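In what follows, every heavy atom counts, from backbone to side chain, and hydrogens, waters and symmetry copies are set aside. As the structure is a prediction and not an experimental result, all values here were calculated from the model.
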Amino acid sequence: MIKRIPVFAALAVLVPAAAGAAEGQVNVYSARHYDTDQALYDDFTVATGIKVNLIEGDADQLIERIKAEGRNSPADILITVDAGRLHRAEEAGILAPVNSDVLDAKIPGHLRDPEGYWFGLSQRLRGIVYAKDRVDPAEITSYAVLADPAWRGRICVRSSTNIYNQSLVGAMIAAQGVEATEAWAQGLVDNLARQPQGADTDQIKAVAAGECDLAVVNHYYLVRLMKSDKPEEKAVADAVGIVFPDQDGRGTHANISGAGVIATAPDKENAIAFLEYLTTERAQEYFTLGNYEFPAVEGAKTDPILQQWGEIKTDKINASTYGENNAEAVMLMDRVGWK
């Protein structure tokens, strides 16, 4: 069973374990907040006998917490919902490289750190949602078209503080350089229908409401609306479609949800066993059937809606570049006025 501990109470409960870690447990600090993940952890316990102590929080908060706890940290695993923060954790020196034939065999090279500090477990595609009654999807085959003046006043997007947008820009910098990416970002900003605001779901709702015609979002936010029991949310989903850009080029930008083993992990063997379990077919199904993410492991079962979308070409640039280029991406976005 999972022992769920509020993030602010967790330290007092878990510190004794750091001094003399009991066998049969793993302490997971997670920035994922999905109910289906709990069932996944329960399955791991049933399969291995290893109890999962779960602490949830914002990724940056958890990284700072582990740094502050230092050598006394009870953390064995850090899970985040993007590659950028995994890179921050690596740069902060709180992750340890892992040598695992299982992980190396199952996780494609572009979805894991080249030196084994972290591993992608699921993929999050950054697509373009469009209004079905106002837009021909054939017009939006690439991210590049978002900078075309034809879309002036017609695009919605989240703030530049959002890590998903920062990682998209970071990937573009790696692929085409700072100058070309800045020109693209300036064109995008010039085409905005409103100041960046809200989360990805808010961008989709804005398209459905006619506030804009296009929005840049992670794919699973749309699937959630499509699967919703609320008529008003299903109506939003029915009013829009989604394009996965650059199918004739590099492929659609894919971020990851992933994890790494903490350098001071008191239960390192259990931590590696936990990571390896997350690559099993059953575990991968939890990611795709629970939150509609694409699996990281080839051949894993996906949600029927994802299957209907068919084969999608994704950008194979290594996800580590998102974090490596993050500082440059943030400065670039600031220069073009992406608020």
Side-chain angles (χ1 to χ4, degrees), residues 1-34 37-38 40-45 47-100 102-103 107 112-113 115-122 163 256-279 283 286-287 319-320 323:
M1 287 292 292
I2 301 171
K3 186 175 181 182
R4 296 174 62 83
I5 305 172
V7 68
F8 296 111
L11 183 60
V13 175
L14 289 180
V15 159
E23 292 183 0
Q25 70 175 11
V26 61
N27 299 324
V28 177
Y29 282 35
S30 178
R32 291 178 60 94
H33 310 295
Y34 310 121
D37 286 1
Q38 299 172 33
L40 187 161
Y41 302 151
D42 282 337
D43 278 1
F44 171 72
T45 299
T48 65
I50 299 171
K51 180 178 67 173
V52 177
N53 298 317
L54 178 64
I55 300 173
E56 295 179 334
D58 172 81
D60 288 328
Q61 177 190 28
L62 293 174
I63 290 169
E64 290 304 314
R65 183 188 188 94
I66 295 168
K67 288 168 60 178
E69 291 168 347
R71 297 184 63 83
N72 291 323
S73 178
D76 294 308
I77 290 280
L78 173 68
I79 301 177
T80 77
V81 294
D82 62 271
R85 289 192 176 92
L86 285 169
H87 181 78
R88 291 180 191 176
E90 179 185 346
E91 289 290 289
I94 65 172
L95 299 182
V98 171
N99 293 315
S100 164
V102 172
L103 295 173
I107 305 300
R112 52 185 163 92
D113 177 72
E115 297 181 13
Y117 282 93
W118 50 261
F119 299 83
L121 302 169
S122 63
I163 192 69
I256 61 168
S257 181
V261 174
I262 304 303
T264 55
D267 291 288
K268 188 162 292 186
E269 290 186 7
N270 290 349
I272 295 173
F274 179 76
L275 274 186
E276 292 178 344
Y277 179 80
L278 295 182
T279 69
Y286 275 110
F287 292 125
S320 64

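With Asp76 contributing its side chain and Val28 its backbone, the two residues share no donor-acceptor pair below 3.5 Å. Between the side chain of Asn27 and the backbone N or O of Ala75, no donor-acceptor pair lies under 3.5 Å. Using modelled atom types, no side-chain atom of Ser73 and backbone atom of Glu69 make a donor-acceptor pair closer than 3.5 Å. Judged by distance alone, the side chain of Thr45 and the main-chain N or O of Tyr41 form a donor-acceptor pair under 3.5 Å. Counting only distance, with no hydrogens or angles, the side chain of Ser257 and the backbone of Ser122 share no donor-acceptor pair below 3.5 Å.
Across all non-hydrogen atoms, the minimal contact from Val26 to Phe44 is CG1-CE2, 4.0 Å. Nearest heavy atoms, Thr80 versus Ala59: CG2-CB, 4.2 Å. What you find for Leu275 and Ala259 is that their closest heavy atoms are CD2-CB, 3.5 Å. The shortest non-hydrogen separation linking Tyr29 to Pro74 is OH-CG, 3.4 Å. Taking every heavy atom of both residues into account, Glu115 and Pro97 meet most closely at O-CB, 3.4 Å. The minimum heavy-atom distance between Phe274 and Val52, with the atom names listed, is CE1-CG2, 4.3 Å.
Between atom NE2 of residue His87 and atom OH of residue Tyr117 there is a gap of 11.5 Å, rounded to the nearest 0.5 Å. Here the straight-line distance linking atom CG of Leu86 with atom CD1 of Ile256 works out to 5.5 Å at 0.5 Å rounding. Atom CD1 of Ile55 and atom OG of Ser30 lie 10.5 Å apart (nearest 0.5 Å). Atom CG of Asn270 and atom CD of Gln25 lie 8.0 Å apart (nearest 0.5 Å). Remark: Ile77 CD1 to Asn53 CG distance equals 13.0 Å, nearest 0.5 Å. Residue Ile272 holds its CD1 atom at 8.0 Å from CG of Leu103, rounded to the nearest 0.5 Å.
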Intermediate values then yes/no, side-chain contact (heavy atoms from CB on, under 4.5 Å), Ile163 and Arg85: CA-CA 8 Å; Ile163 192 69; Arg85 289 192 176 92; 3.2 Å; yes
Trace of the side-chain contact (heavy atoms from CB on, under 4.5 Å) decision for Ile262 with Leu95: CA-CA 4 Å; Ile262 304 303; Leu95 299 182; 3.9 Å; yes
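Every residue meeting the side chain to side chain contact (heavy atoms under 4.5 Å, CB included) condition with Asp43, not counting sequence neighbours, appears here in chain and number order: Tyr277, Arg282, Tyr286. The side chain to side chain contact (heavy atoms under 4.5 Å, CB included) search around Ala96 returns Ala263, Lys268, not counting sequence neighbours. Listed by chain and number, the residues in a side chain to side chain contact (heavy atoms under 4.5 Å, CB included) with Glu64 are Lys67 (sequence neighbours excluded).
With Arg32 as the fixed residue, the side chain to side chain contact (heavy atoms under 4.5 Å, CB included) test singles out one of Leu121, Leu54, Ile79, Leu40: Ile79.
With contacts defined as side-chain heavy-atom distances shorter than 4.5 Å, the pair Leu78/Ile63 qualifies.
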